[in-house]
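Input: a single structure, listed below in C-alpha cells.
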Amino acid sequence: MQQLDYNRIPAHVAMIMDGNGRWAKAKGLPRTAGHVEGIARVKQITEESARLGIKYLTVYAFSTENWNRPMQEVETLMNLILTNLEEEIFIKNNVRFRVIGDMSRLSETIRKRLQDCIDHTAANTGMTMVVALSYSSRWEITNAARQIADEVKAGKLKAEDIDDECISRHLTTGLIPDPDLLIRTGGELRISNFLLWQCAYTEFYFTDEFWPDFNVESLHRAIIDYQQRQRRFGKTGEQVTNEE
Ligand code: FPP
C-alpha cells in the first residue's frame with residue numbers, strides 16, 4: 001500500500017459527511033445515534049487533520065435544504081452541534097474556528113455560542129476549521145450577486161471590473177483558498193449544493209463508508225488517493241510535469 005506523503009498534504013480539505021441515518025438504521029438504532037457517532041468522528045478527524053498539517057478543513061454540518069427535515073430531527077441536530085462545540089479541542093490543537101452560512105436562520109443561542117467560539121479561537125495560528133451551517137452554494141452565490149449589484153449601483157464598483165477574484169471575494173469563504181480535495185462519505189456521487197464555485201478544480205473522493213465509520217485510516221486513504229493524481233488546472237500533462 002502507498003504511504004502518506006507528509007510533504008504533499010492538501011492545504012484545504014472539504015467534507016460532505018453523509019450516511020449518519022443509514023449507519024444508525026443498519027444497526028437498528030434511532031437516527032440520532034448516527035448523528036452522535038458522527039460528531040465523535042468530526043472531533044477525531046479535526047484533530048488528525050490539524051496533526052497532518054492541513055490548513056483548512058471545511059465540513060458540511062447542515063445544509064439550507066436540511067431545514068426541510070422533520071422539525072424534531074432539525075432540533076436534535078442543532079442541539080448536538082450546540083453541545084459539542086468544544087473550544088478545548090480547538091485550543092489544544094491550535095485550531096481557528098469559522099462558520100459559513102445563513103446565520104439569520106439560526107437561534108440566538110446558537111449564534112451566540114458560535115460567535116464565542118470564533119472569538120476565543122481567533123488568535124490560533126494552526127488549522128482553520130470552517131463549519132458550513134445553514135449553508136448552500138446557490139444561496140451564497142445569489143447573495144454575492146446582490147452585494148455586487150448594490151456596489152455597482154452605489155458607484156463603488158464598475159461592471160467591467162467584476163472578475164473571478166471579485167466574485168470569490170464576495171462569497172462567504174472570502175479569502176480562504178479553494179479546496180484541493182473534497183471527500184464525500186455515504187456512497188452518493190454528487191456535491192449537493194456545496195462549494196460549487198470553489199470546487200472548480202477540486203479533486204473529488206467518494207467512499208461508500210458511512211460518516212460514523214470514517215476514521216483516521218479512511219482520511220489517510222483519501223489523501224493517498226489524492227496524492228496519486230496529477231492536477232492540471234486545464235493545462236496539458238507535459239506542461240505540468242515541466243513545471244514540477
Ligand atoms: C448526513 O447524514 C449528516 C448530516 C445531515 C449532519 C452532519 C452533521 C454532523 C456530523 C455534526 C457536525 C457537527 C459539528 C460540531 C461540526 P444523513 O442524516 O443525511 O444520513 P443518511 O443519508 O444516511 O440519512
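Counting convention: from 1, in listed order, for ligands and their atoms alike. Model, not experiment: these values are computed from the prediction.
The atoms of ligand 1 that sit less than 4.0 Å from any heavy atom of H35 are 18 (O). Ligand-side atoms of ligand 1 in range of R22: 21 (P), 22 (O), 23 (O), range being under 4.0 angstrom from any heavy atom. Atoms of ligand 1 found under 4.0 Å from any heavy atom of R31, numbered from 1 in the order shown, are 17 (P), 18 (O), 24 (O). Near D18, meaning under 4.0 Å from one of its heavy atoms, ligand 1 places the atoms 1 (C), 2 (O), 17 (P), 19 (O), 20 (O), 21 (P), 22 (O).
Under the 4.0 Å criterion applied to side-chain N and carboxylate O atoms, K158 and E160 are not assigned as salt-bridge partners. A salt bridge links R113 with E87: the closest approach of a Lys/Arg side-chain nitrogen to an acidic carboxylate oxygen falls below 4.0 angstrom. Ion pair E88/K43 not flagged as a salt bridge, since none of the NZ, NE, NH1 or NH2 atoms sits closer than 4.0 Å to an Asp/Glu carboxylate oxygen. A salt bridge links K112 with D116; the closest basic N to acidic carboxylate O contact falls under 4.0 Å. A salt bridge links D225 with R229; the closest basic N to acidic carboxylate O contact falls under 4.0 Å.
Shortest contact from atom 8 (C) of ligand 1 to any protein heavy atom: A61 O, 3.4 Å. Closest to atom 5 (C) of ligand 1, if we only count protein heavy atoms, is N66 OD1, 3.8 Å. Taking atom 11 (C) of ligand 1 as the reference point, the nearest protein heavy-atom neighbour is I39 CG1, 3.6 Å. For atom 3 (C) of ligand 1, the closest non-hydrogen atom on the protein side is M17 O, 3.1 Å. When only non-hydrogen protein atoms are considered, atom 10 (C) of ligand 1 lies nearest to N20 ND2, 3.6 Å. When only non-hydrogen protein atoms are considered, atom 13 (C) of ligand 1 lies nearest to I81 CG1, 3.8 Å.
Under a cut-off of 6.0 angstrom, the local environment of NZ in K235 is sparse, with at most 12 non-hydrogen atoms contributed by other residues, nucleotides or ligands. Heavy-atom contacts from other residues, nucleotides or ligands closer than 6.0 Å to CZ of R111 number more than 12.
Checked by distance only, ligand 1 and G21 come closer than 3.5 Å through their nitrogen or oxygen atoms. On a distance-only criterion, W23 and ligand 1 share no N/O pair closer than 3.5 Å. Residue R69 has at least one N or O atom closer than 3.5 Å to an N or O atom of ligand 1.
Taking a 4.0 Å cut-off on heavy atoms, G186 fails to register as neighbouring ligand 1.
For the residue pair S134/W67, the side-chain donor-acceptor check at 3.5 Å is satisfied. For the 3.5 Å distance criterion, the side chains of E37 and N20 fail to qualify, holding no donor opposite an acceptor.
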